[in-house]
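Below is one structure; the comments refer to it alone.
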Amino acid sequence: MMIITIDGPAGSGKSTVAKELSRKLGIPYIETGSMYRAVAWWCKENDINPDDESRVVDSLKEMNIDFVRENNRFIVLHGGRIINEELFAPEIGDVASKVAKIPGVRDFLVARQRELCEKGSCILEGRDLGTVVFPDADYKFFLVTSVEERARRRVRQLEEKGIRADFKNVLEAIRRRDIQDETREVAPLKPAPDATVIDTTHLSIDDVVETIVSHIRV
Ligand code: DC
């Protein structure tokens with residue numbers, strides 16, 4: 001049983017790295033950002049104001065969203081329908097950043113994340129996996145990347161999904177989100193003291209995966 005955590009800001013390549021690493025090691029991976037995005041999606045669908053903290057927390061009881069393992073990936077289901085694609089719309093990202101500041105939402109999702117890993121080894125990527133969710137993880141990595149490079153990557157990623165995006169808007173959105181994620185009171189984005197920090201600005205995905213694999217003893 002092995003827990004590997006990969007944390008870092010939006011656009012640092014975490015999800016692609018986690019996916020590749022999962023394929024290489026044959027260990028399932030969880031994009032925890034999609035869990036915060038799922039809560040944001042739920043709020044939008046139900047006209048719940050994401051700034052109304054107690055209303056958001058109250059509504060979690062009724063949230064019929066499941067996180068289910070399919071092969072080596074966890075998918076998000078709403079009443080049996082896969083909603084992963086919808087979660088990546090830019091406006092959902094903004095709402096996700098808001099709901100991620102609410103302690104009751106974090107407690108709820110952190111408990112789910114721990115539950116999902118009870119059955120065996122897992123790779124988890126997000127913001128607070130090495131600091132809060134699994135402080136005793138076997139391996140912890142923290143990816144850093146310049147903000148311009150992250151914006152370029154995000155535009156490319158959105159285009160691959162068929163969503164047109166303007167570089168300047170994406171850059172601004174990432175800056176805004178960095179500030180929200182780094183300055184929030186609960187679980188702010190920061191490397192765990194024992195995390196291996198990797199600067200991915202000039203590295204390919206394969207380079208990052210190789211660096212991570214070189215640290216892991218299976
Ligand atoms: O990685 P992402 O862009 O899909 O994450 C969406 C939002 O969720 C982002 O604003 C940060 C938040 N998040 C978090 O607070 N903690 C995590 N472990 C993962 C994501």
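Atoms within a ligand are numbered from 1 in the order they appear, just like the ligands themselves. All values derive from a computational prediction rather than experimental measurement.
Under a 4.0 angstrom heavy-atom cut-off, L129 registers as being in contact with ligand 1. Using a non-hydrogen distance threshold of 4.0 Å, Q113 does not register as a contact of ligand 1. Proximity of R176 to ligand 1 is not established, as no heavy-atom distance is less than 4.0 Å. Using a 4.0 Å heavy-atom cutoff, R106 is listed among the residues neighbouring ligand 1.
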R150 and D178: salt bridge (Lys or Arg N to Asp or Glu O under 4.0 Å), yes or no, with the steps?
CA-CA 11 Å; R150 287 191 281 133; D178 276 0; 2.6 Å; yes
Evaluation steps, salt bridge (Lys or Arg N to Asp or Glu O under 4.0 Å), between R112 and E115
CA-CA 5 Å; R112 290 284 100 69; E115 253 169 52; 3.6 Å; yes
Can you list the steps and then say if E149 with R152 is a salt bridge (Lys or Arg N to Asp or Glu O under 4.0 Å)?
CA-CA 5 Å; E149 176 61 19; R152 271 193 290 277; 3.2 Å; yes
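Of the heavy atoms in K101, none comes closer than 4.0 Å to ligand 1. Residue contacts with ligand 1, taken as heavy atom pairs separated by less than 4.0 Å, involve S97 via backbone and side-chain atoms alike. Only the side chain of R184 comes within 4.0 Å of ligand 1, counting heavy atoms alone; its backbone N, CA, C and O stay farther away. Contact annotation for Q180 and ligand 1: no heavy atom of the residue comes within less than 4.0 Å of the ligand.
Ion pairing of R175 with E172 is present here, as a side-chain N (NZ or NE/NH1/NH2) and a carboxylate O approach within less than 4.0 Å. Using a cutoff of 4.0 Å between basic side-chain nitrogens and carboxylate oxygens, K24 and E210 are scored as salt-bridged. Look at R81 and E86 and you find a salt bridge, because one of the NZ, NE, NH1 or NH2 atoms lies within 4.0 Å of a carboxylate O, short of that distance.
Side-chain contact check for D207 and S204: at least one donor-acceptor pair (N or O, by modelled atom type) lies under 3.5 Å. Judged by distance alone, the side chains of S97 and D181 do bring a donor and an acceptor atom under 3.5 Å apart. Counted by atom type alone, R106 and Y36 present one or more donor-acceptor pairs between their side chains at under 3.5 Å. For the residue pair T145 and T201, no side-chain donor N or O sits within less than 3.5 Å of a side-chain acceptor on the partner.
Residue K14 approaches ligand 1 through these ligand atoms, each under 4.0 Å from one of its heavy atoms: 1 (O). Taking every heavy atom of D181 and a limit of under 4.0 angstrom, the matching atoms of ligand 1 come to 9 (C), 10 (O), 11 (C). When each atom of ligand 1 is checked for a heavy atom of R154 under 4.0 Å away, the hits are 3 (O). Atoms of ligand 1 lying under 4.0 Å from any heavy atom of A96, numbered from 1 in the order shown and given with element: 7 (C).
When only non-hydrogen protein atoms are considered, atom 12 (C) of ligand 1 lies nearest to A100 CB, 3.8 Å. Closest to atom 9 (C) of ligand 1 among all protein heavy atoms lies R177 NH1, 3.1 Å. The shortest contact between atom 8 (O) of ligand 1 and any protein heavy atom is with Y36 CB, 3.4 Å. Atom 4 (O) of ligand 1 has R37 NE, 2.6 Å as its closest protein atom, hydrogens excluded (heavy atom only). In terms of protein heavy atoms, atom 19 (C) of ligand 1 is closest to T32 OG1, 3.3 Å. In this structure, atom 1 (O) of ligand 1 lies nearest to the protein heavy atom R127 NH1, 2.8 Å.
Both the sub-6.0 Å distance and the 45° axial angle are not jointly satisfied by K19 relative to the ring of Y29.
Ranked by closest heavy atom to atom 18 (N) of ligand 1, the top entry among L189, D128, V186 is D128.
In this structure a side-chain-to-backbone donor-acceptor pair under 3.5 Å is present from N84 to V76.
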